Amino acid sequence: MSTNKIIKNITEGIENYSIRLLYQEESQVEDLRRQHIKYVRNNVSVSLDSDFYYDGCDCTDNCESSECGCKSTHGYFYNSQISGLDPNLVQSSNATFNHTIYECNSLCACSNQCQNRLVQHGISLPLEIFRTSLCGWGVRVSSSYTNNQRNNQEKDVDDQVVIKQGQFVCEYAGEIIKTDEARRRWRSYKSDYGITDNYIFCIREHIGKDRVLRTNIDPTRVGNIGRYINHSCSPNLRMFLVRVNSIVPIAALFATREIRENEELSFDYSGQIGMGIEDEKINNNEEDSVSKNGIIVGERKPCFCGSENCCGYLPFDESL
Ligand SMILES: C[S@@+](CC[C@H](N)C(=O)[O-])C[C@H]1O[C@@H](n2cnc3c(N)ncnc32)[C@H](O)[C@@H]1O
C-alpha cells in the first residue's frame with residue numbers, strides 16, 4: 001500500500017483547528033480541487049435574504065440562570081461539561097428537526113463564554129480527510145491530535161476515546177440555495193462536471209400542521225469539512241438544527257456515542273429525524289411536476305457502510 005502524503009491544512013486558517021488531507025496520488029488532490037473550489041466555515045446565502053434576528057437576552061452571568069430570556073423562550077439543550085448536547089437528547093428517538101436549538105446571538109448581552117454559545121464557535125477538534133476503501137474521501141479525528149494527547153498523557157481522553165457522546169463536531173455548511181436552483185445544479189453537476197457524488201442536502205422542518213420550511217445546503221463547490229463525511233446506516237454523528245443570527249438553520253453534527261481513535265465519522269443522510277426522503281410527500285405541486293418530467297427519480301446508489309443493519313442503498317432526496 002502506498003504511503004500517505006499530507007496537506008497540513010486545507011482550510012487555510014479559516015477554522016479554529018487545522019484540517020489535514022491524507023492522499024496517495026497528486027491526481028486525487030487535483031480532482032478534489034476541481035470540485036471543491038472554496039473552503040468556507042459557515043453557510044453562505046447565495047439566493048436568500050438571511051438577515052433575520054431573534055430577540056437577545058440581557059444576562060450578565062453567562063446565561064447560567066434559568067431566567068435567561070433565550071433559555072426560557074427556546075429551551076436549553078447543551079451540556080457545558082462536554083461542549084455538546086445532553087446525551088439523552090442525542091440518543092432520543094423523539095428528537096426532530098422541529099427541536100431547533102437557539103443559541104445566544106449578536107443581540108444578547110452575554111459574553112462569548114456564555115454556555116449557550118457552542119456551534120457558533122466552530123469545529124471542536126482537528127479533523128482529517130482520508131481516502132476510504134469504498135466511499136471516496138471520508139473524515140476522522142486527526143491522528144496527530146491523538147498522538148499529541150498520548151504524549152501529553154491527557155487522561156481526559158479515556159484511552160482512545162477522542163470524541164465524547166453528545167460532543168459537537170462540525171457543521172454541514174455550504175451555499176444555501178432555493179429548490180429550483182438545487183435541482184438545476186444537481187443536473188448540471190452531473191452533465192457539466194461529471195460529479196456523481198451528491199452533496200446537496202435538503203432539510204425540511206415541519207411548522208404547524210401543513211407548512212414545511214425547506215432549506216437546501218450545497219457544499220459541492222463552496223463548503224466545509226461536512227461535505228467529506230460519509231453516510232452510515234449505523235452512524236456515530238447526528239444532525240440537529242441550530243439557529244444563531246439567522247432564520248437559515250445551521251446543520252450541526254453531534255456525536256451519538258463515544259468515538260474512538262481512527263473511527264470514521266458518519267451520519268445518516270436520511271436524517272431519520274424529519275429530513276424526509278421519498279416516503280414524505282410535501283404539499284407542493286412543484287414536486288409532482290418534477291416527477292412527471294422524469295428528471296431525476298429514484299436514483300439510488302449502493303451503500304457500502306458495512307454495518308449490520310445496512311439498508312443497501314444511500315438515501316436520496318427524490319425531490320431533487
Ligand atoms: C457528501 S459526499 C461524502 C464525501 C465523498 N465520499 C467524497 O469523496 O467527497 C456523498 C457521496 O459520498 C459517497 N458515499 C457516502 N457515503 C457512502 C456510503 N455509505 N456508501 C457508498 N458511497 C457513499 C457517495 O458517492 C455520495 O454521493
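Just follow the structure's listing: the first ligand is 1, and inside any ligand the first atom is 1. One-based numbering along the sequence shown. Fair warning: this is a prediction, and the values are worked out from it, not measured in the lab.
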- Heavy-atom cut-off of under 4.0 Å around ligand 1: list whichever protein residues fall inside it, by chain and number. C135, G136, W137, Y172, D197, N198, Y199, R227, Y228, I229, N230, H231, Y269, K301, P302, C303, F304, C305, L314

- Between Y199 (side chain) and I217 (backbone), is there a donor-acceptor pair under 3.5 Å? no

- Message: Before you tell me yes or no, could you show the steps for K71 and Q115 under side chain to side chain donor-acceptor pair (under 3.5 Å), namely the whole-Å CA-CA distance, both residues' side-chain angles and the distance that decides it to 0.1 Å?
- Response: CA-CA 11 Å; K71 281 176 165 183; Q115 56 179 251; 3.2 Å; yes

- Transitive ILVMFWY cluster of L134, excluding itself - 4.5 Å side-chain cut-off: F304

- Item | Side-chain hydrophobic cluster, 4.5 Å single linkage: members besides I82 | none

- Verdict with supporting geometry, Y78 and E103, side chain to side chain donor-acceptor pair (under 3.5 Å): CA-CA 10 Å; Y78 290 148; E103 292 196 356; 2.5 Å; yes

- Query: For L21, which residues count as a side-chain contact (heavy atoms from CB on, under 4.5 Å) partner, sequence neighbours excluded?
  - Reply: I7, I10, Y23, V29, L32, I129, W137

